[in-house]
Amino acid sequence: MSIAQSFLNNDKRDIDGKEAAREIIDVIKSRKQSENVQPGLAVILVGEDPASSVYVRNKSNRAEECGFLSRQYNLHEDTSESEVLELIESLNKDNDIDGILVQLPLPDQIDPHKVIQSIAPEKDVDGFHYLNAGRLMTGDIEDALLPCTPTGSLYLIKKALGENLTGKHAVVIGRSNIVGKPMASLLLKENCTVTIIHSRTERPEELCRQADIVVAAVGIPELVTEEWIKPGAVVIDVGINRITTKDGSSRLVGDVNYAEVYPKAAAISPVPGGVGPMTISMLMQNTLDAAIRKKNHN
Ligand code: NAP
């Protein structure tokens with residue numbers, strides 16, 4: 001069995017994100033020890049959005065599990081923009097902190113762009129600062145911190161297809177700064193031929209049907225149906241959508257109609273259990289990388 005196949009679960013089509021995320025955490029723990037660093041992660045939450053609270057708690061817990069210093073700042077919904085900027089300024093100067101993450105979305109009185117750009121680029125573990133985005137865009141990724149969801153998605157693609165993606169046609173559905181655009185840049189860096197589909201794209205299903213690799217990051221439940229998919233394609237579903245079923249209960253679905261696409265795809269990441277767990281692992285990897293770079297630059 002090839003390495004790629006071994007990472008697909010028993011039926012060899014589901015790409016197991018939980019298993020891959022665990023593998024990354026194990027590597028992080030041993031790298032932390034061998035590099036002899038004490039990474040510190042600060043997570044800032046403004047308000048009490050229930051989903052954001054869960055994400056933030058999971059991030060802090062995982063940081064503790066990795067043996068990192070983990071600080072969580074729960075700020076009141078009415079916190080002003082200048083108070084958040086002041087906190088970030090102090091964390092930028094704090095030698096114990098290597099990574100700063102501000103959970104999005106922020107309340108209306110706070111400009112998310114201003115907040116993100118105020119984070120020191122070397123502590124921007126979400127990879128959203130213009131300097132890190134620009135480094136990725138220009139292919140200069142050696143010293144960059146890269147956005148977690150796209151790097152996690154790329155990791156899963158390689159689990160399914162192996163390390164060499166040269167010449168593959170990749171279609172990315174969605175062009176957000178957080179997922180779609182950096183995903184496209186990463187795939188380009190891997191020598192894929194990349195097509196980006198967005199809300200104004202004409203006949204998206206025709207374009208998507210040409211893809212060896214499909215990454216869906218749209219936010220529309222089950223938009224991608226079987227007629228979008230070429231037989232044998234690798235499909236990564238980034239979408240997380242909560243839908244209400246006929247019996248009134250709710251469940252999570254992706255942007256891909258899993259039941260339809262599954263029989264056609266060579267490999268598919270499920271929702272939940274695919275990309276989701278990878279994002280937090282990549283955040284830990286960025287925090288460790290930031291700590292190691294700081295040590296090496298001192
Ligand atoms: P976003 O900022 O809302 O961007 C959505 C993108 O989809 C936009 O570029 C939009 O095009 C495009 N789009 C909208 N309707 C479309 C259509 N009918 N056909 C083709 N493209 C269409 O969303 P996001 O932040 O990238 O997130 C996307 C999804 O991923 C969401 O479900 C989110 O919850 C999920 N997500 C998951 C993780 C994770 O850890 N697993 C992390 C981040 C996001 P325009 O630019 O033309 O408007």
Side-chain angles (χ1 to χ4, degrees), residues 14-18 20-21 24-25 43 49-59 61-62 101-106 112-113 116 125-128 133 136 146-157 159 170-187 194-211 214-225 227-229 235-243 250-258 261 268-286:
D14 267 345
I15 308 173
D16 190 340
K18 281 190 203 156
I24 293 164
I25 294 294
V43 181
D49 176 70
S52 292
S53 302
V54 172
Y55 291 146
V56 162
R57 201 168 47 244
N58 289 344
K59 287 167 186 174
N61 289 346
R62 192 52 57 88
L101 179 145
V102 180
Q103 186 65 40
L104 302 176
L106 289 164
H113 298 289
I116 289 165
V125 281
D126 255 339
F128 297 159
L136 172 57
L146 301 176
C148 303
T149 301
T151 49
S153 300
L154 181 63
Y155 193 97
L156 294 184
I157 292 167
K159 283 294 175 195
V171 166
V172 179
I173 314 172
R175 57 173 165 177
S176 71
N177 291 332
I178 291 172
V179 190
K181 282 181 199 152
M183 186 75 243
S185 295
L186 282 173
L187 288 163
V194 182
T195 302
I196 302 176
I197 288 175
H198 49 78
S199 66
R200 315 291 170 86
T201 302
E202 291 180 14
R203 295 181 296 283
E205 61 285 357
E206 273 178 32
L207 287 169
C208 194
R209 228 172 10 241
Q210 296 168 26
V214 177
V215 181
V218 190
I220 299 180
E222 301 180 329
L223 172 77
V224 178
T225 53
E227 63 264 32
W228 291 52
I229 301 299
V235 180
I236 303 297
D237 191 352
V238 178
I240 303 176
N241 310 290
R242 186 161 288 284
I243 58 160
S250 80
R251 70 184 173 98
L252 287 183
V253 297
D255 293 337
V256 176
N257 185 318
Y258 178 86
V261 169
I268 178 167
S269 69
V271 177
V275 174
M278 298 299 290
T279 300
I280 295 186
S281 287
M282 290 305 181
L283 177 68
M284 299 307 134
Q285 185 166 288
N286 275 351

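In listed order, ligands and their atoms are each counted from 1.
Residues Thr279 and Cys148 share a closest heavy-atom pair of O-CB, 3.4 Å.
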Sequence neighbours left out, cut at 3.5 Å: what donor-acceptor pairs do the side chains of residues 215-223 make with other protein atoms?
none

All N/O donor-acceptor pairs, side-chain side in residues 268-277, below 3.5 Å, sequence neighbours left out:
| from | atom 1 | to | atom 2 | distance (Å) |
| --- | --- | --- | --- | --- |
| Ser269 | OG | Asp237 | N | 2.9 |

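Annotation: the span from Ile197 atom CD1 to Leu207 atom CG amounts to 5.0 Å, rounded to 0.5 Å.
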N/O pairs closer than 3.5 Å, ligand 1 and protein:
| from | atom 1 | to | atom 2 | distance (Å) |
| --- | --- | --- | --- | --- |
| ligand 1 | 9 (O) | Arg175 | N | 2.8 |
| ligand 1 | 11 (O) | Ser199 | N | 3.3 |
| ligand 1 | 26 (O) | Ser176 | OG | 2.5 |
| ligand 1 | 32 (O) | Ile240 | N | 3.1 |
| ligand 1 | 40 (O) | Thr279 | OG1 | 2.8 |
| ligand 1 | 46 (O) | Arg175 | NE | 2.8 |
| ligand 1 | 47 (O) | Arg175 | NE | 3.2 |
| ligand 1 | 47 (O) | Arg175 | NH2 | 2.8 |
| ligand 1 | 47 (O) | Ser199 | N | 3.2 |
| ligand 1 | 47 (O) | Ser199 | OG | 2.5 |

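A side-chain donor from one of Asp14 and Tyr258 sits under 3.5 Å from a side-chain acceptor of the other.
Residues satisfying the side-chain contact (heavy atoms from CB on, under 4.5 Å) criterion with Ile116, sequence neighbours excluded, are Leu104, Phe128.
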